[in-house]
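Position 1 is the first residue of the sequence, and the numbers go up from there. Numbering of ligands and ligand atoms starts at 1, following listing order.
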Amino acid sequence: MATVFLAGGAGYIGSHTAVELLEAGYEVIAADNFCNSSPESVRRAEQITGKTIRLYDADIRDTRRLAGIFQENRIDAVIHFAGLKAVGESAEKPLLYYRNNIDTTLSLLETMQQFGVKHVIFSSSATVYGSENPIPYTETMRRGVCSNPYGWTKAMTEQILEDAAKADPSLSVVLLRYFNPIGAHPSGMIGEDPCGIPNNLMPYITQVAVGKRECLTVFGNDYPTPDGTCRRDYIHVTDLAKGHVKATDYVLQHTGVEAVNLGTGTPYSVLEIVEAFERVNGVKIAYRFGPRRAGDIPEFYANADKARELLHWTAEKTLDDMCRDAWNWQKQNPNGFRDSE
Ligand code: NAD
Ligand code: UD1
């Protein structure tokens with residue numbers, strides 16, 4: 001079976017993808033510098049599957065280190081998760097974001113070229129559609145104007161990969177545009193473990209539920225949506241991880257570049273998320289309405305047809321599953337992976 005190298009594999013999406021790849025029979029190797037994660041996530045992925053993952057403590061920008069890893073292993077495909085992802089921070093520290101997110105990409109591509117590795121999947125984002133495209137977003141739309149440096153690193157990385165594939169027709173690239181991944185593995189052993197105050201909605205809700213934060217601020221209730229709060233396409237992280245398995249199957253068999261949305265195609269509002277979380281888990285979430293957050297747009301969701309047609313993948317889990325599994329993870333791990341380090 002083929003071996004997949006996960007760059008940034010100890011992170012939230014990488015660790016869930018490792019589980020699904022191992023369960024599908026792939027061999028998994030991972031490297032991470034743990035700037036936003038813990039090696040414990042990879043140990044837990046091994047426990048869930050009963051299989052082993054060779055894990056390197058390495059900065060993906062370091063081409064010498066990468067060459068060592070590619071020398072030691074016969075790598076068939078690469079999944080590039082390694083990046084910084086906090087939107088607000090990216091506006092404050094744009095150079096840090098460009099340096100990290102672009103250099104990881106270039107170093108990976110150079111090393112792949114050096115070792116003749118031809119298959120790569122990239123963690124892109126719905127943010128590349130910008131704010132002017134009509135919803136639902138379809139892959140045939142042009143990339144838009146991003147509202148922050150983080151988003152631009154995703155758009156630029158897509159461009160770099162497209163150019164690399166144009167120059168080398170034997171290269172095979174899948175750009176996975178994630179919508180809003182939430183939830184955790186149903187075992188509760190791995191999940192999202194943000195440092196400090198969470199920027200994203202679901203980890204904030206689970207921290208309110210577990211008593212670490214007092215109250216959720218709902219950013220704006222005067223949007224042109226049914227209940228006035230923003231609507232997003234939330235997707236269970238296990239579904240998303242399974243999408244990576246299908247993308248791996250695909251990328252190994254084809255050449256060229258394909259951008260593919262990974263979303264459910266169904267949007268939910270902030271208040272609908274809070275209500276579902278309370279109902280499914282029997283806990284109260286204190287919230288108040290606050291001002292809009294800069295850069296937020298009222299609504300976006302995926303047209304999920306291409307993923308179904310090209311990758312034979314569709315999201316299966318419900319919003320209730322997402323809420324239950326997010327809470328199950330947080331309850332079992334009030335301090336994330338820190339308790340086990
Ligand atoms: P994450 O922060 O949990 O995972 C990213 C991993 O990359 C972390 O383990 C981090 O330590 C590692 N990393 C960062 N820079 C590195 C470097 N130079 N060398 C080695 N390792 C490095 O984030 P995630 O939610 O798992 O996201 C994975 C990818 O998907 C990221 O590229 C992110 O931008 C993208 N993405 C995430 C979301 C989301 O909502 N979580 C949405 C769209 C796209
Ligand atoms: C964010 C990023 C996006 C990135 C995506 C996945 C921004 C502006 N966009 O999307 O680029 O691809 O994460 O990582 O950050 N909300 C609250 N209160 C909170 C937190 C969030 O009301 O404390 C609301 C937001 O206004 C939004 C929704 O919840 O309407 C979801 O927010 P979030 O989880 O941060 O994701 P996005 O903003 O959609």
With respect to D296, determine whether any N or O atom, backbone or side chain, lies less than 3.5 Å from an N or O atom of ligand 2. yes

closest protein heavy atom to atom 28 (C) of ligand 2 is Y234 OH, 3.4 Å

Reported CD1-to-CG distance for the pair I273 and L216, which is rounded to 0.5 angstrom: 11.0 Å

Testing the basics here: between C323 and M202, what is the closest heavy-atom pair and its distance to 0.1 Å? SG-CE, 4.0 Å

Which of the numbered atoms in ligand 2 are below 4.0 angstrom from a heavy atom of N180? 10 (O), 36 (O), 37 (P), 39 (O)

Please say whether more than 12 non-hydrogen atoms of neighbouring residues, nucleotides or ligands are located less than 6.0 Å from NZ in K306. yes

So for ligand 1, is Y178 a polar contact partner (N or O within less than 3.5 Å, distance only)? no

Can you name the atoms of ligand 2, numbered from 1 with element, that are less than 4.0 Å from a heavy atom of V218? 22 (O)

For ligand 2, which atoms, with element, lie under 4.0 Å from some heavy atom of T217? 17 (C), 18 (N), 19 (C), 22 (O), 23 (O)

Given F122, Y97, Y150, which one has a non-hydrogen atom that is nearest to atom 36 (N) of ligand 1? Y150

Distance under 4.0 Å to a non-hydrogen atom of S124: what atoms of ligand 1 satisfy this? 43 (C), 44 (C)

Could you check whether R324 pairs with D321 (Lys NZ or Arg NE/NH1/NH2 to Asp/Glu carboxylate O, under 4.0 Å)? yes

Among I182, N200, T153, N100, which residue places a heavy atom closest to atom 15 (N) of ligand 1? N100

Using a 3.5 Å cut-off on N or O atoms only, is R293 in polar contact with ligand 2? yes

Examine V87 against ligand 2 and note whether any of their N/O atoms are separated by less than 3.5 Å. no

How far is atom 39 (O) of ligand 2 from the closest protein heavy atom, and which atom is that? R232 NE, 2.5 Å

Are any of the N/O atoms on A10, whether in the backbone or the side chain, positioned under 3.5 angstrom from an N/O atom of ligand 1? no

Which atoms of ligand 2 sit under 4.0 Å from any heavy atom of S125? 12 (O)

For atom 19 (N) of ligand 1, the closest protein heavy atom turns out to be I60 N, 2.9 Å

Tell me the nearest of M202, E192, K154, R177 to atom 32 (O) of ligand 1, using heavy-atom distances. K154

In the protein, what heavy atom is nearest to atom 6 (C) of ligand 2, and what distance, to one decimal place, separates them? F179 O, 4.4 Å

What protein heavy atom sits nearest atom 1 (C) of ligand 2, and how far off is it? N200 ND2, 3.9 Å

Measure from the side-chain N and O atoms of K51 to the backbone N and O of L22, and report whether any donor-acceptor pair falls under 3.5 Å. yes

Quick check: does C230 get an N/O under 3.5 Å from an N/O on ligand 2? no

Kindly confirm or rule out an N or O of D32 lying under 3.5 angstrom from an N or O of ligand 1. yes

Return the closest protein heavy atom for atom 16 (N) of ligand 2 as residue, atom name and distance. F219 CD1, 3.6 Å

Would you call the rings of F70 and F5 parallel, tilted or perpendicular if under 30° counts as parallel and over 60° as perpendicular? perpendicular

Counting only heavy atoms closer than 4.0 Å, does ligand 1 sit against the backbone of A31, its side chain, both, or neither? neither

Look at the rings of Y250 and H254 and say which category their plane angle falls in: under 30° parallel, 30 to 60° tilted, over 60° perpendicular. parallel

Are side-chain N/O atoms of S124 and E158 paired as donor and acceptor at under 3.5 Å? yes

